[in-house]
A.B. asks: 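Quick one: the structure is below, and I'll ask about it shortly.
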Amino acid sequence: MSTKALLSRSEDFSEWYNQLVIRSELADYAPVRGCMVVRPYGWALWENMTAYLDAEFKRTGHVNAAFPTLIPLSFFEKEKEHVEGFSPQLAVVTHGGGEELEEKLVVRPTSETVIGYMYSKWINSWRDLPLLIVQWGSVMRWELRTKLFLRTAEFYWHEGHTAHATAEEATAEMRRILDIYEKFSLEEAAIPVIKGRKSDSERFPGARITTSIEAMMWDKRALQAGTSHYFGPNFAKAFDIQFLDKNNVRQYCETTSWAISSRMIGALIMVHGDDQGLVLPPRLAPIQTVIVPIFKSDAEQSAVMEVADGVFAALQAANIRVKLDDRDNVSPGFKFNDWEMRGVPVRIEIGPKDVAKGSVALARRDRPGREGKSFVPQTDLVATVGRLLDDIQSSLLQRATAYRDAHIHEPTTYEEFRKVVADDWAFVWWCGRAECEASIKEETRATTRCIPFDQPQQSGDCIYCGQPANERVYFARSY
RNA sequence: CGGGGCGUAGCUCAGUUUGGCAGAGCGCUCGGUUUGGGACCGAGAGGCCGCCAGUUCAAGUCUGGCCGCCCCGACCA
């Protein structure tokens, strides 16, 4: 615990983030470089995300399974782009049981290879398709530069791996999952996203098509919040995943994979957080409402606690995630700041005046200070809090959407473009050539984020080379 | 992997220039007074000064080596 104020968000956004993650007890640095410990409060947040996604995946016919952490190194060499993309990031196990291993093993950076290997054993007939499996777990990528939640050597995620009979079915699966990701982001995380296709240079190693949802952080940098890939027959050929179709002809499967990681926690922090600390959307917040009792004398204490206990029981019975902060070693003022830093959406203050008046003080986290404070009767408090939580949830999305839209521009000249992407996002025509993309990255540090699916029915001139372009794309600096 | 910074109490750091008893604030424990926006007083506990070697009567401080972490750039969920 600390009594010091948090660093201001505008003063040093990166340092604000680092301190906030530590002080809100979401995570801590592990003894191994680049690794993090997700603390109970952070894990509770992650669990609320996973619970929603897990239910969505099951609703759409997916099943969960677990594949091994260790994968033979040779597996990675079977798909050319895949090995080129991942070999710099592999952690390799060379010894086991005191002996040098005959075949080196990698700590999985992603599981397409080992799952492909298994799928080739399990899939024989068109009747085995589609195969829709999700793995929940962690993976390891040897990152050079790390940051808690956003990029750590080990991170937590789900990876969906599906195999289909046709390209149409596989691409439909890719899109269906991306829609789930979008819905999750909007409705649960209150983060607006742009759905689209990645450029070739940003594509997942080994994928035919990579799609993503892209979110704007408070510092206007872009964060890829989820991805869904279509592989075509690439991995099926590498791992010999074949099936006999209805005409008794052997065919390669079409596969997909997709993921959302614990990075989403970082997005939550960077989209909604303010100078007071975290601001968690009610639907994901581990604690939705905290009760802070206030009293001086013993008589006041027993009267206040009786009301506080009653409020706590009523909210809990209504399935609101509620905590009664009965710590006796810190002052109410300290608790206010403490829970604000942890992003609890609603605070209920109950003191002697409230006992006398049959009221409570309600404070909403998304509107700091007096503005967000109101005094409401104890009767119907459950309904009042429920409405308030809903209102905060939608307000957060509204605010984040307005903020994002205010920082997306459509420059028409390259000079304008350069100014825009120094801070904000640019939505511009692009000829689709990698050379233009690379030059822009070199000159501005902005990269293509995604090519939205909904394209205007026209064409234009490439923002860089001026040649005809028929797609518009978002450029931004990214995490 | 390049550039920069830093390793001293749980945390933030002073002390290193000029070698001479290991320090402060916060946090923690106990007691008391407090409590509607980060309370106060008093008494305590707490140290491999990152690691290894060297110089010296004496090293947190000087020399050499090693390790680790953070920040900034190229690669990435």
Side-chain angles (χ1 to χ4, degrees), chain A residues 1-7 12 14-15 17-19 22-23 28-35 84-90 109-110 138-159 181 198 201-205 210 212-215 222-229 257-267 276-277 292-298 300-301 304 325 327-341 347-357 359-361 363 368-370 372-373 375 441-442 445 447 478-479:
Chain A
M1 279 195 298
S2 171
T3 57
K4 274 182 286 185
L6 204 66
L7 197 69
D12 184 345
S14 177
E15 193 51 31
Y17 178 90
N18 289 338
Q19 289 187 12
I22 298 297
R23 286 184 53 180
D28 204 350
Y29 294 102
V32 177
R33 194 201 78 89
C35 290
E84 283 172 7
F86 278 104
S87 53
Q89 291 190 282
L90 297 180
T110 179
S138 68
V139 289
M140 175 160 286
R141 299 178 187 178
W142 212 257
E143 297 291 347
L144 299 177
R145 190 173 157 199
T146 60
K147 197 173 180 77
L148 293 173
F149 290 119
L150 295 183
R151 193 177 302 101
T152 47
E154 183 181 22
F155 59 89
Y156 298 87
W157 73 350
H158 66 258
E159 43 180 325
Y181 287 172
K198 284 290 196 181
S201 70
E202 298 279 330
R203 212 164 18 86
F204 179 85
T210 287
S212 71
I213 51 172
E214 299 285 329
L223 186 79
Q224 179 177 311
T227 50
S228 185
H229 315 288
S257 84
W258 25 274
I260 276 183
S261 75
S262 44
R263 165 183 269 191
M264 196 73 182
I265 294 174
Q276 267 63 250
V292 177
I294 298 157
F295 49 79
K296 294 190 178 94
S297 64
D298 286 355
E300 281 179 356
Q301 176 173 7
V304 163
D325 187 354
R327 284 179 290 179
D328 61 2
N329 60 332
V330 290
S331 67
F334 183 93
K335 291 177 184 177
F336 297 166
N337 286 284
D338 196 36
W339 292 113
E340 278 171 8
M341 189 185 60
R347 179 178 72 241
I348 300 174
E349 303 167 20
I350 303 175
K353 293 177 209 164
D354 299 299
V355 173
K357 290 189 290 190
S359 64
V360 303
R370 197 157 290 167
K373 221 158 169 173
F375 300 89
K441 183 178 180 182
E442 175 83 23
R445 287 159 77 186
T447 53
S478 78
Y479 275 98

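Throughout, protein chains are lettered first and strands after them, A, B, ... in sequence-line order, and every chain is numbered starting at 1.
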A.B. asks: For A/Ile260, which contact category applies under a 4.0 Å heavy-atom criterion: base, sugar-phosphate, or nothing?
C.D. replies: nothing

A.B. asks: Contact class for A/Ala225 (heavy atom, under 4.0 Å): base, sugar-phosphate, or nothing?
C.D. replies: nothing

A.B. asks: Could you work out which one of B/G38, B/C76, B/A74 sits closest to the side chain of A/Gln89?
C.D. replies: B/C76

A.B. asks: Less than 3.5 Å between a donor and an acceptor, one on the side chain of A/Arg370 and one on the base of B/G37, is that the case here?
C.D. replies: no

A.B. asks: For A/Lys335 and B/U34, give me the distance from atom NZ to atom P, rounded to whole Å.
C.D. replies: 17 Å

A.B. asks: Classify A/Pro332 by what it touches in the nucleic acid, base, sugar-phosphate, or nothing, heavy-atom distance under 4.0 Å.
C.D. replies: base

A.B. asks: Rounded to whole Å, please give me the gap between CD in A/Glu349 and P in B/G38.
C.D. replies: 12 Å

A.B. asks: Using the test side-chain contact (heavy atoms from CB on, under 4.5 Å), find all partners of A/Thr152 that sit at least two apart in sequence or belong to another chain.
C.D. replies: A/Met36, A/Phe155

A.B. asks: Rounded to the Å, how far apart are A/Glu300 CD and B/U35 C1'?
C.D. replies: 10 Å

A.B. asks: Does B/G47 have a Watson-Crick or wobble partner in any strand here, with both distances under 3.5 angstrom, and which is it?
C.D. replies: none

A.B. asks: Round to a whole Å and report the spacing from CG of A/Leu90 to P of B/A77.
C.D. replies: 14 Å

A.B. asks: On the side chain of A/Asp338, is there an atom forming a donor-acceptor pair with the base of B/G38 - under 3.5 Å, no angle test?
C.D. replies: no

A.B. asks: Does B/G36 pair with anything, Watson-Crick or G-U wobble, both distances under 3.5 Å, and if so, with which nucleotide?
C.D. replies: none

A.B. asks: Taking OP1 and OP2 of B/G73, is either one under 4.0 Å from a side-chain nitrogen or oxygen of A/Lys441?
C.D. replies: no

A.B. asks: Hey, does the side-chain of A/Arg151 have a donor or acceptor N/O within less than 3.5 Å of a partner on the base of B/C76?
C.D. replies: yes

A.B. asks: Are there any protein N/O atoms within less than 3.5 Å of an N/O atom in nucleotides 68-71 of chain B, and if so, which ones and at what distance?
C.D. replies:
{"residue": "B/C69", "atom": "OP1", "partner": "A/Arg33", "partner atom": "N", "Å": "2.8"}
{"residue": "B/C71", "atom": "OP1", "partner": "A/Asn18", "partner atom": "ND2", "Å": "2.9"}

A.B. asks: For A/Phe334 and B/G37, are the ring centres under 5.5 Å apart with planes inclined under 30°?
C.D. replies: no

A.B. asks: Any strand is fair game: report the nucleotide pairing with B/C11 by Watson-Crick or G-U wobble, both distances under 3.5 Å, or none.
C.D. replies: B/G25

A.B. asks: State the pairing partner of B/G31; accept Watson-Crick or G-U wobble contacts with both distances under 3.5 Å, and report none otherwise.
C.D. replies: B/C41

A.B. asks: By nearest heavy atom, map A/His229 and A/Leu144 onto RNA chain B; which one lands nearer the 5' end?
C.D. replies: A/Leu144

A.B. asks: Using Watson-Crick or G-U wobble geometry with both distances below 3.5 Å, tell me the partner of B/C57, or none.
C.D. replies: B/G20

A.B. asks: Sort out the partner of B/G73 for me: Watson-Crick or G-U wobble, both distances under 3.5 Å, none otherwise.
C.D. replies: B/C1

A.B. asks: Looking at B/G64, which nucleotide sits across from it as a Watson-Crick or G-U wobble partner, both distances under 3.5 angstrom, or is there none?
C.D. replies: B/C52

A.B. asks: Rounding to an integer number of Å, can you tell me how far A/Trp258 CH2 sits from B/A77 C1'?
C.D. replies: 15 Å

A.B. asks: Between A/Ser331 and B/U35, does any side-chain N or O lie under 4.0 Å from OP1 or OP2?
C.D. replies: no

A.B. asks: Roughly, in whole Å, what's the span from CD in A/Glu143 to P in B/A74?
C.D. replies: 14 Å

